[in-house]
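Here's the structure, in C-alpha cells; my notes come after.
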Amino acid sequence: MWQYALRRVLQSSIVILGVTLISFTALHMAGDPTLLFVSERASAEEIAETRAILGFDRPLHVQYLSFLGRLIQGDTGKSITYRQSAMKVVLERLPATLELTLFAMIIAITLAIPFGIIASVNRGTPIDGGMMTLAMVGQSVPSFWFGIMLILFVGLGLRWLPISGHIPILEPLFTGHFREAFSNFPEALRYLLMPAVTISLFSLSRNSRLVRSSMLEVLSQDYVRTARSKGLKESVVVTRHALRNAWMPVVTMVGLEFGFLLSGVVVVETVFSWPGVGRLVFNAINQRDIPLVQASVILFSLLFVGLNLIVDLLYARLDPRVRLG
Amino acid sequence: MVVVKFTFERENRMKHRSTLLVIILSFLLASFGFAQMPDENTLVLAQSTDASTLEVDQVGSRSEANILAHMFGTLFEITETGEIIPYLADSYEVSEDGTEFTFKLHEGLTCADGEPLTAEDAAYTFQRAADPANGFTGNTAGFVFDAAGYVSAEAIDDLNLKIKIKQYQSIALGLLSEVYIHCKDSYEAMTLEQAAENPVGSGPYKFVEWLKDDRIVLERVEGFALRDASFQTLIWRVIPEASTRAAELIAGNVDIIAGVSPDQVDAINSSGAAKVQAVAGTRRIYIGFNQRQKFADESEGGAAIQNRDVRVALQYAVDVPTICATLLGTECERATGLVNPPNDNPNLEPYAYDPEKAEALLDAAGYPRGDDGIRFKIKLQSPNNRYLNDGNVALAVGQYLTDIGVETEVELLDFRSVYIPLINAHDAGPLFLLGSGGGTWNALYDMADISEPTGATNYTEWPNPEWFTRWNSLADIRDPAEERKVINEMLEIFYNDPPWLLMYFQPDFYGVSDRVDWQARRDEQVIVYNAKLK
C-alpha cells in the first residue's frame, strides 16, 4: 500500500505542476497585469517602472520558472493586493471554506443514502417517482437562485435563520481555542445551514439518484434473495447486506464531490457573505493578483488530490476484492 | 446469559442513539430562532467589499477610506456640503507665496492607544507616507502628494506643523485634508505587516477586530471631543451580493447599506423597515470624443467627431433625463460640464433633447444622411458592470445616435482586463463611456482631469488652447473672485467645444433603516459619527 501511496503522491505532484502552469499562463494571457496596479493617472514611465518592480517585464517562462523555484522553497510569493504572504492570506480563509464544504458534504451524503434507499425499495411507486422528480429539480436549479430563495423565505420571511455571515468553528479549533470552538458551534450551525444546503443541493440530488440505482442493482443480486429467503427482516437485508455493497460508487463520488463543492463555493460564499477562499479567489482573479491565485490553486489542488488519494486507499478497506498496486 | 448480554447491548445501542438524537435535536432547535438585530448602542453598516488593508497610507478604495475615516482624524475636514472645516487642526496660515502651510493643532489630542498626538506625530505621518522605502501607493502617497506638490513636513513646536508644497495651489488645503493623521511611536513600533492589521488612529473610533471578508468592528474612543459619536460600536460588514444586503437591511440586521441596486429600491421602500436615499453622486459619467489623430485616420466616425459642430450636434441627440429615469431608477439633471454642482457654471443650461436640431446641425456640418439613411458609422466602447447599469446606458446612447443617422456599434468590454489598458493608453473610442470621480468642494478638483492636452486623465486628448491658457493662468491668481471668473470662462469653453457627450452625475443609492437618522453624502463617503437613533 505504501508503494501505491508513494506512486500516487508523485503522480499528484505532476498534476499540481500542470495546474500551476495552466493557471499561470491563463492569467498572463488575459492581458498585462501591471495596468491593474497603477492609477488611471499613471504615465507610461510609471507603468514601465511598476512593471519592472513587479517582475512582469521578464519573459513569461522566466517568470514561471522563478515562481517554481520559490514554490519549492515553500514560498508562493506576496499577494499584490494584500501585501502579505499569499499562502497566509489563503490559509486565513481556508477554515471557513472547509466548514462549508465539509458540512455540505455531510448533508449531501447522509441524506442521499436514506433518500436513495427509500426510492429504491419503493421502486415504481409514487414515492420513488416523487423523490426522483425532486432530485431532477435539485440538479437543475441554479445554486445562486436557490440561495436567494432561501434567504427570502427562510431568512427574511420566516426569520428562522441568519441571512448571511459566519461564526467560526474550525479557525479556533486549529489555533487551539477548543472552548471557543465548542461554544461557537450551535450559533455557527445557524449560519452554516442555508449556505450548506444551497451548496449541497446538486450533490444531494445526484447522490440520491446514484444510491438508488446502485441499490437497485444490488437488490437484484442472488445473495440478497438468499438473505430474504433466510427470513431476515427487510430492514436488515437492505442495511446490512445490500447497502454495504452499494457503497462503492458513493465512496468514489466523495473524492470528486469535494472538488465539485469547492468549485461551487464561489457563488454561495458571495450570496451568503461567507468569508472563504472561493470569494478570495474570485476577487484575486478579477484583480489579477497572480500570487494569490497561484497559492489558492496549489492549496485546492493539494486538498483535492489528497482527498482522492484517501478515497482510493479506502477502497481496499471497503471491498477486499480491490487490490492496490 | 446470552440473552441478557444481547439485551444489554441492544439497550446500550438504543441509549447511544437516543443521546445522539437529543444532541442533534438540540442543535437544530438552537438553529431556529430569530436572527440577532443590533442593539441601541451599535450601528451596523454593509458594503460590498472588504478592506484589502488597514494600513493608513496604503488605503486607496472608497470602501476602505469609509472605515478609516472613523478611526483617523485629518487636519481639516471636507463636509458633505464641500466646506473645509477645522478638525485635528484648529487653524492654519499660508505663506505669501502659497507654498508653506502652517497648521496649529488642538491641544490635548491623543491617539487611540493614549499616546499624545503632537505636531511631531503629524509631521511623521507625512514623512512616513512619503518615504519611498515603504512603497506606499495609497491615496496619500499615490494621489494627494502628487496633486498637491508635497515637498516636506516638519514640526515647529508641539502644536505647529509646517507643510511645504512646490507651488501655489488653490486646492492644496482640500487635498491635504485627505491625509489621515496618526502617532509616531505606535507606528514606529510596528512592521508594515503589523500596521496593515492593527491601525492605531486619532479619530472618534478605535479599532477592535477585523474578521477578514466578514466584518470590521470599531469602538468609540471615550473623551474624543472633536466630533460627536452617537454609537458605542460600529460594525462594518462585508456583504458582496446586493440582494443579500437588501434582505439584511429589511430584516433589521443592518442599519445602512451602500450600493443599493435600482431594482431593489421599491422592495426596500415598501418593507416598512427601511428607506432608500438616492443622491446625485459626484462621479461624472460621460461619453468621450477621442480627439487623437489616429482615430481620425482610421474611421469616418473618428474623423467626424474632430469637428466641433458634430460634437455639439450629438449632444442634442441623447435624452439623458429619460436614461436616468428608465435605466438608473431616478430623476437626474443633465451635466453642463465636468464640474459637480454647486461649483459648476450657473449660467449654462443643459443641452436639450432635440433630435431634429441634432439632425439639422449635422446636415449643416457637412454630414447629411446618405441613401441608406446613414450619416457616418462610429464605434462606442463601454465597460460592463463597472458603473451603474453602464452597459445598458451605452446601448441606449448607441440607439439614440443611430436614430439620427449616426450608426453606432456598441462594444461592451471587461473593465479590468481590457478597458483600463485602453483608457490608460488613450486608445478607447472613438466614442467611449467613462465615469470619473469628482468632488463637491472645489471646481478645480474636478477640472484637474484636463490639465494638459495629452495629460494622463485627459483621455480624449482634447487640445483646446483657450482652455489650457486659462488653466495655466490659474497658478498666478489669488483672488477667489478672479479665479471663479476664469473657471466660469473655462467651463463655457468646455460647453461650447465639448470633448465629452455630456451625461449625468452618477446617482448613488443607500438603504437606511427606519431606526436610524442619517443623511447620505454626495461624494460617496459614508461618514456615520453624526448618525443617531430616531
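Chain letters run A, B, ... following the sequence lines, proteins first and then strands; every chain starts at 1.
Crowding of A:Lys233 atom NZ: a count of heavy atoms from other residues, nucleotides or ligands under 6.0 Å not exceeding 12. Residue-environment remark: CD (A:Glu49) stays at or below the threshold of 12 foreign heavy atoms within 6.0 Å.
In this structure, the separation between CG on B:Asp213 and CG on A:Asn283 is 7.0 Å, given to the nearest 0.5 Å. Put simply, CD on B:Glu241 and CD1 on A:Ile148 are 5.0 Å apart, with the number rounded to the nearest 0.5 Å. To the nearest 0.5 angstrom, B:Asp214 atom CG is 10.5 Å from A:Arg93 atom CZ. In this structure, B:Ser52 OG and A:Leu292 CG are separated by 11.0 Å, a value rounded to the nearest 0.5 Å.
Not counting sequence neighbours, A:His241 has no partner by the ring pair (Phe, Tyr, Trp, His ring centres under 6.0 Å) test. When the salt bridge (Lys or Arg N to Asp or Glu O under 4.0 Å) test is applied to B:Glu524, the partners found at least two apart in sequence or on another chain are B:Arg283.
Residue with the most contacts toward chain B among A:Glu92, A:Arg279, A:Gln84: A:Arg279 (heavy-atom pairs, distance under 4.5 Å). Among the candidates B:Glu193, B:Glu248, B:Glu197, the residue making the largest number of heavy-atom pairs closer than 4.5 Å to chain A is B:Glu248. Between chain A and the residues B:Gln58, B:Arg215, B:Arg245, the most heavy-atom pairs under 4.5 angstrom are made by B:Gln58.
In this structure a side-chain-to-backbone donor-acceptor pair under 3.5 Å is present from B:Thr244 to A:Val271. Although no hydrogens or angles enter the test, the distance criterion places a donor-acceptor pair under 3.5 Å between the side chain of B:Arg237 and the main chain of A:Ser164.
A:Phe282 does not touch chain B: none of its heavy atoms, backbone or side chain, sits under 4.5 Å away. In this structure, chain A has no heavy atom under 4.5 Å from any part of B:Glu55.
In terms of heavy atoms, A:Leu156 sits closest to B:Ala247 at CD1-O, 3.4 Å.
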